[in-house]
Participant: 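This structure is in structure tokens; I'll ask about it shortly.
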Amino acid sequence: MSELTGKERVQKLFKKEPLDTMPCFSGQGAVVVQAIEEMGTQFAKIHTDARLMAQSAITSARLFNMDGVVIPYDMATVAEAMGRGISLYENADGVIYPTVPNKWKTLDEIDIPKDYMSQGRLPMIDEAFKIIKEEAPDLAVGAWVLGPFTLAGQIMELDILLKGLKKNKDATAAFLDQVTQVTVDMVKHYQELDVDFISVRDMGSGTDLLSPRMWKTLVGPNLKKVFDAITCVPSVNHICGSTDMIIEMMHECGADALSVDQKNNVVTTREKLGNDVLLFGNFDPYNTLTQLEDVKEVEAVIKQCIDNGLDAVWPGCDIWPDIRKENMETYVKTVKEYGKKASPAVGRI
Amino acid sequence: MSNQEEILAALKEAVVEYEEDDCAEAAQRALDEGIDPMVAVMDGLAAGMEEVGVLFDTNEYFVPEVLMCADALYKGLDILRPHITLDADIPKASVVIGSIQGDVHDIGKNLVKMMFDVAGWDVHDLGRDVPLESFVEKQLDVKSDVLAMSAMMTTTMMGMKKVIAMVKEKNPDCLIMLGGAPVTRDVANLFGADGYAESAGNAVSEGIKMIGRLREFQKGDIK
Ligand code: B12
């Protein structure tokens, strides 16, 4: 049998069908500076141009033999489309992610425009998906959206939102409902673009900020609505930071796979959830790919992830674009070689 | 319990229970009863916040509660602060604080700022995502004793190094303190900062130590 393409490998993974080896891909940003340099462009430019976005995603995957790509790279796109502005840091040197400059300050000010889907960079991102699908049909294409709670924190001041959860419960819950609808519309839209998977990242909702009790009432039910809306492509529920106390509730939200970062105790999580659940994660991207100076240590980190019982080795967060080339190569190589053995939820050919 | 003890306990409890009105009321009572406002701040409000820190560390409180406790604390502080008389011999310490460019994380920075407010410092808060030059301009403008920067991402942390170089070039006496999750004392040293604190709780004492060291140095006690 001929080797599987990256796309096939990822598709089979989500169906829990036997694989030749573990796919190497991510649901968080995986663009790297080596690709940006090769293209002769700059980090600040790849967020606003469909061709540069598509090309930087494809080139990053090709350079390191990854099985898939994921766009966009920043978490400000929807807030921007709602008129909250965008800071791109075009004149700063080095890598700085776009941020939202004008968040709404109070619940009363919030006025989500009806036509946000056609505003800001959202149409450009659709175009980038089209280019990727045409030019790299062998790669798995991932879309991602912010989960409702984190999106809410992107369009209004997070501290006011957090306090509102306790002080102004009803109005805050109503706002979260409204934002959930936006997330639902976004995932339905990406589903129509026929991507290979959708990752929902509610990264601001871990127990670094919220109590498990709040998560249960204000985050979980909304995430469930989002996963209920994703009916025809595989979905991933990703939360970074502390997730040990909420992992079972995350599972109940109904995604096809769960993804966690280095703070999660994966061995315990696996025991709690059983072997049938697709579980991704959980290495510290900055430390592993940018800091470690010996590739042997990188190899050890990745092997540990696999031995702990993950079905795909995902970075816990965006890959910091300024990676060390050798570290990235070792990450991919280790996944492909050491990942030849079956993982808990997925067998091998 | 004496009157003073009772009022201090009320202040403390209002902070811990995030009761803004109770906190304001207890602060007013402290003034009415002639309690030294500095004592009310330190042994009432700050003591409450200390307990909040313990509740946070033990997963009893999470960030929403901490933010509400901070709001309650400010309600009391706003009432007490105008009545604190400063020792004329000891100049009032001042700090310029902000989260570095590219970094929108500001919850931790705001807690550190609160501690400086509690300690009676002059606080100039530049907010978050602060352009590197703005730190330099503000510091030179207000000539603060301390410049405190927060970075929550390993990546934005690098901007602090540049600010330190720019500030030290123009004003070698400015003391620079760094903090935020990825920052360690080693990083702070490496970047050429004068101080570092792991949490809001010890930011102010670190600031005071830094100023003390500088004054001794200026007096020639330290070579
Ligand atoms: C809340 C949060 C957010 C919120 C921020 C909202 C806001 N207004 O602050 C949102 C959702 C917007 C967000 C966005 C992002 N985040 Co974030 N976020 C967090 C989270 C979960 C909690 C931070 C927090 O507020 N903690 C509570 C406060 C009280 O603690 P603290 O900040 O550490 O502050 C204390 C000390 O550090 C110290 N301190 C802080 N500043 C200073 C300054 C001085 C001078 C001193 C002395 C002391 C001091 O005192 C404070 C009180 O004791 C952390 C995870 C974590 N556990 O840290 C990730 C985290 C910081 N985020 C991270 C990342 C990567 C991001 C994003 C890039 C998106 C992403 N991929 O997740 C974006 C980019 C935003 C940007 N450009 O800045 C990473 C950073 C990784 C790294 N090492 O580089 C973290 C660590 C999560 C992770 N994946 O590991 N995030």
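These values consider heavy atoms only, across backbone and side chains, with no hydrogens, waters or symmetry-generated copies. Residue numbers begin at 1 in each chain, while the letters A, B, ... track the order of the sequences.
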Participant: Within residues 139-158 of chain B, which residues come under 4.5 Å of chain A, heavy atom to heavy atom?
Facilitator: T154(B), T155(B), M158(B)
Participant: Taking atom CG of D21(B) as the centre, does the number of heavy atoms from other residues, nucleotides or ligands within less than 6.0 Å exceed 12?
Facilitator: no
Participant: Quick one: closest heavy-atom pair of P64(B) and L162(A), and the distance?
Facilitator: CB-O, 3.5 Å
Participant: Side chains of M214(A) and F62(B): does their closest heavy-atom pair fall under 4.5 Å?
Facilitator: no
Participant: Considering all heavy atoms of both residues, which atom of D208(A) and which atom of V63(B) are nearest to each other, and what is their separation?
Facilitator: O-CG2, 3.4 Å
Participant: Are more than 12 heavy atoms from other residues, nucleotides or ligands located less than 6.0 Å from atom CD of E109(A)?
Facilitator: yes
Participant: Can you tell which of E60(B), Q101(B), M68(B), K162(B) has the highest number of heavy-atom pairs within less than 4.5 Å of chain A?
Facilitator: M68(B)
Participant: If you count heavy atoms of other groups shown closer than 6.0 angstrom to CG of D57(B), is the number above 12?
Facilitator: yes
Participant: How far apart are the C-alpha atoms of K166(A) and E17(B), what are their side-chain angles, what is the distance that settles it, and do they pass the salt bridge (charged side-chain N to carboxylate O under 4.0 Å, His left out) test?
Facilitator: CA-CA 12 Å; K166(A) 295 223 123 206; E17(B) 298 297 329; over 6 Å; no
Participant: Is it the side chain or the backbone of L67(B) that comes within 4.5 Å of chain A heavy atoms, both, or neither?
Facilitator: both
Participant: Within the 4.5 Å heavy-atom criterion, are T99(A) and D103(B) side-chain neighbours or not?
Facilitator: no
Participant: Which atoms of D106(B) are under 4.5 Å from chain A, going by heavy atoms: the side chain, the backbone, both sets, or neither?
Facilitator: neither
Participant: Do other residues, nucleotides or ligands put more than 12 heavy atoms under 6.0 Å from the CD atom of E33(B)?
Facilitator: yes
Participant: Is it true that atom NZ of K168(B) has more than 12 heavy atoms of other residues, nucleotides or ligands lying nearer than 6.0 Å?
Facilitator: yes
Participant: At a heavy-atom separation under 4.5 Å, does L161(A) approach chain B through its side chain, its backbone, both, or neither?
Facilitator: neither
Participant: Would you call E65(B) and K163(A) a salt bridge, using N to O less than 4.0 angstrom?
Facilitator: no
Participant: Would you mind checking which part of Y18(B) comes under 4.5 Å of any heavy atom in chain A, side chain (CB onward), backbone (N, CA, C, O), both or neither?
Facilitator: side chain
Participant: May I ask you to check whether over 12 heavy atoms, not counting those of Q28(B), lie within 6.0 Å of atom CD?
Facilitator: yes
Participant: Taking atom NZ as the centre, does K272(A) end up with more than 12 heavy-atom neighbours from other residues, nucleotides or ligands that are less than 6.0 angstrom away?
Facilitator: yes
Participant: Measure Q154(A) against the heavy atoms of chain B and call it side chain, backbone, both or neither at under 4.5 Å.
Facilitator: neither
Participant: Under 4.5 Å from any heavy atom of chain B, what part of T290(A) do you find: side chain, backbone, both or neither?
Facilitator: neither
